[in-house]
Amino acid sequence: MTMTDPVADMLTRLRNASKAHHDSVAMPSSKLKKSIADILKREGYITEWNADTARVGETLNISLKFGQDRRPALSGIKRVSKPGLRVYAKSTELPTVLGGLGIAILSTSSGILTDREADAKGVGGEVLAYVW
């Protein structure tokens, strides 16, 4: 069975595992998913990620981060641009999430960046997701 939106599948797995207070979540790996996981680690939403060789392809394992009283660091995540409706942002009109408390993940010509990194580089691109 083919998957039409692997990024949405990744975000849904992260959202569900976070709400269920799981320590880690596994999913099929890709270069785009690794870039998104790297951004989530840099921004402090997850503790660790690694890609393990599976029987077919690779598996991406993500360790979730929790704070006091097992409160998840990843409180919300939303897919913005979908295969049926792509959403793009100009470099002058980059989105802000919760007044700057969250991040927007963009696919730009300079790679996968957060809204702040894209603003610093002066590039726009496809808005993949909002994370808070």
Side-chain angles (χ1 to χ4, degrees):
M1 185 170 130
T2 60
M3 194 178 316
T4 57
D5 194 0
V7 174
D9 177 64
M10 174 191 187
L11 300 179
T12 300
R13 287 178 192 232
L14 284 170
R15 185 183 316 109
N16 290 344
S18 178
K19 296 226 187 241
H21 299 285
H22 288 251
D23 291 326
S24 64
V25 62
M27 64 197 74
S29 180
S30 72
K31 189 176 174 183
L32 178 61
K33 290 179 185 180
K34 288 178 190 176
S35 298
I36 292 172
D38 191 44
I39 285 178
L40 292 175
K41 179 170 178 8
R42 265 196 335 256
E43 295 292 324
Y45 291 105
I46 62 174
T47 56
E48 196 67 44
W49 68 271
N50 62 352
D52 296 332
T53 305
R55 209 166 35 178
V56 177
E58 281 186 332
T59 301
L60 183 66
N61 297 310
I62 298 177
S63 299
L64 300 176
K65 186 176 186 178
F66 294 95
Q68 300 284 348
D69 302 326
R70 292 286 289 174
R71 295 184 89 172
L74 183 70
S75 59
I77 193 164
K78 180 185 176 195
R79 178 78 158 125
V80 178
S81 184
K82 300 172 182 152
L85 179 63
R86 301 289 184 185
V87 177
Y88 297 96
K90 294 180 182 178
S91 61
T92 57
E93 300 170 0
L94 292 173
T96 57
V97 180
L98 292 178
L101 295 176
I103 62 168
I105 300 175
L106 290 96
S107 175
T108 68
S109 58
S110 300
I112 307 297
L113 303 172
T114 65
D115 53 344
R116 289 183 280 277
E117 294 168 342
D119 188 33
K121 289 190 175 190
V123 294
E126 182 181 356
V127 184
L128 297 177
Y130 294 151
V131 183
W132 63 94

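We're numbering straight along the sequence, starting at 1. The shown structure was predicted, so the numbers you read here are calculated from the model rather than taken from an experiment. Side chains included, hydrogens not; waters and symmetry mates left out as well; all remaining heavy atoms used.
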Check this for me, if you would: do Asp23 and Arg70 make a salt bridge, where the nitrogen-to-carboxylate-oxygen distance has to be below 4.0 angstrom?
yes
Using a strict threshold of under 4.0 Å (side-chain N to carboxylate O), is an ion pair present between Asp38 and Arg42?
yes
Atom pair [atom1] ([X]) and [atom2] ([Y]), whose distance is rounded to the nearest 0.5 Å:
X	Y	atom1	atom2	value
Leu40	Thr47	CG	OG1	11.5 Å
His21	Phe66	NE2	CZ	6.5 Å
Leu106	Ser81	CG	OG	10.0 Å
Ile105	Ile36	CD1	CD1	5.5 Å
Leu113	Thr108	CG	OG1	4.0 Å
Ser75	Lys19	OG	NZ	7.5 Å

Same cluster or not: are Leu94 and Val87 linked, directly or through other Ile, Leu, Val, Met, Phe, Trp or Tyr residues, by side-chain heavy atoms under 4.5 angstrom apart?
yes
Please say yes or no: joined through hydrophobic side-chain contacts below 4.5 Å, possibly via intermediate residues, are Leu32 and Val80 part of one cluster?
no
Does atom CZ of Arg71 have more than 12 heavy-atom neighbours from other groups under 6.0 Å away?
no
[Y] and [X], any side-chain heavy atoms less than 4.5 Å apart:
X	Y	answer
Lys34	Ser29	yes
Leu60	Met10	yes
Arg79	Leu128	yes
Val131	Leu74	yes
Ile112	Ser107	yes
Trp132	Leu101	no
Glu58	Lys33	no

For Thr114, is there any backbone N or O sitting under 3.5 Å from a side-chain donor or acceptor partner on Glu117?
yes
For residues [X] and [Y], report the shortest heavy-atom separation together with the two atoms involved.
X	Y	value
Asp9	Met3	CB-SD, 3.4 Å
Ala89	Val127	CB-CG2, 3.8 Å
Pro95	Tyr130	CB-OH, 3.6 Å
Ile46	Ser63	CB-O, 3.4 Å
Thr59	Ala54	OG1-CB, 3.4 Å
Asn61	Ala26	OD1-CB, 3.3 Å

Using the side-chain contact (heavy atoms from CB on, under 4.5 Å) definition, which of the options Asp115, Leu98, Thr96, Val97 pairs with Ile103?
Asp115
